[in-house]
Number of protein chains: 2
Amino acid sequence: MARRRGSHSDITGPKIREAALRLIAQHGCAAVSMRKIAEDVGLQVGALYNYTPDKQSLLFDLMETHMVDLLAELGKLPALDGPIEQLDQFVRFHITYHLPRRDEVFVSYMELRNLSPENFERIQALRSQYEGALEAILEAGEASDDFTFTDRHITTLSIIAQLTGITNWYREDGRLTIDEVATIYCDLIQRSVASAQA
Amino acid sequence: MARRRGSHSDITGPKIREAALRLIAQHGCAAVSMRKIAEDVGLQVGALYNYTPDKQSLLFDLMETHMVDLLAELGKLPALDGPIEQLDQFVRFHITYHLPRRDEVFVSYMELRNLSPENFERIQALRSQYEGALEAILEAGEASDDFTFTDRHITTLSIIAQLTGITNWYREDGRLTIDEVATIYCDLIQRSVASAQA
DNA sequence: GTCTATAAAATGATAGAC
DNA sequence: GTCTATCATTTTATAGAC
């Protein structure tokens with residue numbers, strides 16, 4: 001087997017993170033050894049420790065990157081006027097961003113319990129930021145009488161769970177495109193919060 | 001340390017399953033060793049193998065028991081006439097059954113990937129049965145013009161995800177009782193499927 | 001039914017050669 | 001930056017005494 005020597009840190013780093021993400025999403029963090037990750041990349045175990053101080057940091061890096069990227073993309077959305085349009089935009093954004101990133105979603109939701117307390121808090125803070133964006137839309141809609149609900153915060157969490165659950169069943173080769181799924185959920189969610197029509 | 005000797009299989013069995021359920025829910029299956037489970041119960045490792053042939057069977061047993069119990073309880077619900085009442089009943093049942101069983105829910109949703117293919121199929125079959133119960137209600141509501149939606153099956157999965165997500169944030173000592181949560185979700189979900197009023 | 005002891009393999013992480 | 005080699009633990013599971 002040919003061995004590559006020399007400096008590869010700019011390409012090896014991402015390859016390690018990709019492999020770790022895929023393997024951890026598939027089997028769970030504790031079930032994936034550093035050896036398996038190294039083998040998947042084509043390295044020996046020891047080499048991994050040039051890229052991460054330990055396994056915990058690698059896991060945290062994956063989750064933090066996902067949340068930071070998510071928030072960055074959310075921030076790039078054009079500002080819309082009405083809460084109804086904003087809600088549609090958020091729902092479509094959530095679905096189109098998450099569905100092609102199933103591994104990231106799996107890891108970010110299932111491996112929270114394997115984070116150290118400090119790392120857990122940092123991820124939770126990012127997650128709260130994201131939830132806050134949706135909650136602000138619901139609040140605006142409440143103020144404008146477009147939306148009505150019993151409890152704004154719970155409605156926020158309910159919608160996020162509803163949307164994130166899609167990653168558990170959606171298949172790229174299934175009968176629906178991502179856009180079609182988004183349309184279905186826009187309808188479901190708009191109806192669940194819409195004020196009664198006069 | 002005092003040692004108990006003799007036959008305890010009728011009490012030790014459940015204790016092992018309880019400990020395994022709690023520890024696996026907390027840390028994930030691969031992160032919990034048979035030693036930790038034994039220690040939690042107050043046994044030595046070897047003794048566990050009187051109750052389960054291996055770790056995989058123990059995990060499967062926990063998940064299968066949860067699903068079978070869930071379906072049994074669902075089957076005990078009184079038959080109601082209208083789809084609207086049936087939907088309320090299902091939503092309330094799901095919430096009141098699942099919220100006091102967070103560990104079972106966690107394990108049943110997060111450890112699917114650690115099951116062998118055959119065991120996975122058996123759990124999926126039970127889960128489909130449960131989803132089918134909700135889908136039948138939605139179908140009845142469609143037929144009676146009480147409900148309207150773009151896609152019945154996706155609406156089913158969406159509602160289940162929405163409901164199951166509650167276990168991720170609900171706290172017994174929080175500001176809402178289980179009944180209050182159920183009422184909020186009945187409202188959200190009924191509105192999301194209700195046909196437009198004449 | 002539980003214990004002790006052990007086998008055989010795998011694990012996270014480090015040291016030092018190249 | 002990667003390799004080889006190694007350490008100290010821990011792992012699942014089994015065997016046999018009591």
Side-chain angles (χ1 to χ4, degrees), chain A residues 1-24 26-63 107 111 113-116 118-119, chain B residues 1-24 26-63 107 111 113-116 118-119:
Chain A
M1 201 212 283
R3 283 189 208 132
R4 295 146 298 165
R5 299 250 168 180
S7 176
H8 292 291
S9 87
D10 48 343
I11 182 157
T12 306
K15 277 175 78 175
I16 290 173
R17 284 192 290 277
E18 281 162 30
L21 185 70
R22 180 166 27 82
L23 291 170
I24 293 175
Q26 206 159 70
H27 305 106
C29 182
V32 176
S33 67
M34 294 295 272
R35 271 174 181 78
K36 278 186 207 130
I37 296 172
E39 184 188 15
D40 196 274
V41 181
L43 291 175
Q44 294 299 317
V45 210
L48 293 188
Y49 291 88
N50 286 317
Y51 299 90
T52 179
D54 50 35
K55 204 183 180 187
Q56 165 79 204
S57 303
L58 178 57
L59 175 63
F60 175 71
D61 181 52
L62 295 175
M63 298 176 68
V107 171
E111 303 299 336
R113 58 191 172 180
N114 289 315
L115 291 177
S116 67
E118 317 90 76
N119 285 345
Chain B
M1 200 213 286
R3 284 190 207 130
R4 296 148 297 166
R5 299 253 169 178
S7 177
H8 292 291
S9 87
D10 49 343
I11 183 158
T12 305
K15 278 174 78 176
I16 291 174
R17 283 191 290 275
E18 281 162 29
L21 185 70
R22 181 165 27 80
L23 291 170
I24 292 175
Q26 207 160 69
H27 305 106
C29 182
V32 176
S33 66
M34 295 294 272
R35 267 176 183 75
K36 278 186 205 130
I37 296 171
E39 184 189 15
D40 195 275
V41 180
L43 291 175
Q44 295 299 316
V45 211
L48 293 189
Y49 292 87
N50 285 317
Y51 298 91
T52 178
D54 50 34
K55 205 183 179 187
Q56 165 78 205
S57 302
L58 178 56
L59 175 64
F60 175 70
D61 181 53
L62 295 175
M63 299 176 67
V107 171
E111 304 298 338
R113 57 191 173 180
N114 288 316
L115 292 178
S116 67
E118 317 88 76
N119 285 343

Could you pull out all donor-acceptor pairs under 3.5 Å where a side-chain atom in residues 16-24 of chain A meets a protein atom, sequence neighbours excluded?
residue	atom	partner	partner atom	Å
A:Arg22	NH1	A:Asp40	OD2	3.4
A:Arg22	NH2	A:Asp40	OD1	3.0

Practice prompt. Using atom CD of B:Glu39 as one end and atom C1' of C:dT2 as the other, report the distance to the nearest whole Å.
Written response: 17 Å

Discussion item. Is B:Tyr51 close enough to C:dG1 that one of its side-chain N or O atoms is under 4.0 Å from OP1 or OP2 there?
Written reply: no

Discussion item. Using the salt bridge (charged side-chain N to carboxylate O under 4.0 Å, His left out) criterion, which residues pair with B:Asp54? Sequence neighbours excluded.
Written reply: none

Worksheet item: Would you say C:dT2 has OP1 or OP2 under 4.0 Å from some side-chain N or O of B:Thr12?
Response: yes

Item to complete: Let me know the distance between CD of A:Gln44 and C1' of C:dA15, rounded to the nearest Å.
Response: 16 Å

I'd like a list of close polar pairs between nucleotides 10-13 of chain C and the protein, N/O only, cut-off under 3.5 Å.
residue	atom	partner	partner atom	Å
C:dT11	OP1	A:Ser33	OG	3.2
C:dG12	OP1	A:Lys55	NZ	2.8
C:dG12	OP2	A:Met34	N	2.8
C:dG12	N7	A:Arg35	NH1	3.1
C:dG12	O6	A:Arg35	NH2	3.3
C:dA13	OP2	A:Tyr49	OH	3.1
C:dA13	OP2	A:Lys55	N	3.1

Worksheet item: If you take all heavy atoms of B:Ile37 and B:Leu58, which pair is closest and at what distance?
Response: CD1-CD2, 4.1 Å

Worksheet, complete the sentence: From CG of B:Leu58 across to C1' of D:dA13 the rounded distance in Å is 14 Å

Worksheet item: Who pairs with B:Asn114 by side chain to side chain donor-acceptor pair (under 3.5 Å), at least two apart in sequence or on another chain?
Response: B:Glu111

Worksheet entry | salt bridge (charged side-chain N to carboxylate O under 4.0 Å, His left out) against A:Arg35, all qualifying residues, sequence neighbours excluded | none

Fill in: Under the side chain to side chain donor-acceptor pair (under 3.5 Å) test, residues paired with B:Gln56 that sit two or more places apart
B:Asn119

